[in-house]
Amino acid sequence: MASSFMVKGDVHVCRDCGGSMTGTALGAYCENTTTIGNAKDPKDVCEPLGRERRLFCERCGEPVPYGETVCPSFDCGKTANRP
């Protein structure tokens with residue numbers, strides 16, 4: 001597993017690697033690694049990035065410039081949720 005942290009809310013994509021999150025009744029977590037999953041930036045350990053540090057939009061998966069809290073994708077354009 002790429003991460004052991006659980007996130008809640010409207011999260012479909014890992015902010016750190018850009019791969020799909022696996023949902024459970026309690027929330028979602030990242031199972032992407034360098035060998036499995038669909039991460040855009042494969043890594044074996046993902047960090048629980050905050051909204052100002054995210055690398056990918058947690059809703060649509062598009063890359064987000066460092067420090068931006070609004071998704072630059074025309075189709076998404078949503079503000080990052082907390083945390």
Report yes if the side chains of Val70 and Lys78 come closer than 4.5 Å at any heavy-atom pair, otherwise no. no
Roughly how far apart are Ser20 OG and Lys40 NZ, rounded to 0.5 Å? 9.0 Å
Do Cys30 and Cys17 have side chains that get closer than 4.5 Å, going by heavy atoms? yes
How far apart are the closest heavy atoms of Glu62 and Ser73, and which atoms are they? CG-CB, 3.8 Å
For a side-chain contact (heavy atoms from CB on, under 4.5 Å) check, start with the C-alpha distance between Tyr66 and Arg53, then their side-chain angles and the critical distance, and finish with the verdict. CA-CA 6 Å; Tyr66 188 83; Arg53 294 182 56 221; 3.8 Å; yes
All heavy atoms of Arg51 vs all of Arg15, minimum pair found to be N-NH1, 3.3 Å
Within-4.5 Å side-chain heavy-atom neighbours: Phe56 and Asp41: yes
Check whether any side-chain heavy atom of Tyr29 sits under 4.5 Å from a side-chain heavy atom of Thr24, and report yes or no. yes
pair Met21-His12: side-chain heavy atoms closer than 4.5 Å: no
Might you point out which heavy atoms bring Asp44 and Thr33 nearest each other, and give the distance in Å? OD1-CB, 3.3 Å
May I ask you to test the Asn81-Arg59 pair for a side-chain heavy-atom distance under 4.5 Å? yes
Got a second to check how far Asp75's CG is from Cys60's SG, nearest 0.5 Å? 8.0 Å
Looking only at non-hydrogen atoms, find the nearest pair between Glu58 and Arg54 and report the distance. OE1-NH1, 2.6 Å
Within the distance-only criterion (no hydrogens, no angle test), does the side chain of Asp16 pair as donor or acceptor with the backbone N or O of Glu47 below 3.5 angstrom? yes
Considering residues, nucleotides and ligands other than Lys43, do more than 12 of their heavy atoms fall under 6.0 Å from its NZ? yes
Interatomic spacing from CD in Glu52 to CD in Glu68 - rounded to 0.5 Å: 11.0 Å
Tell me the closest heavy-atom pair linking Pro72 and Val64, and the distance in Å. CD-CG2, 4.1 Å
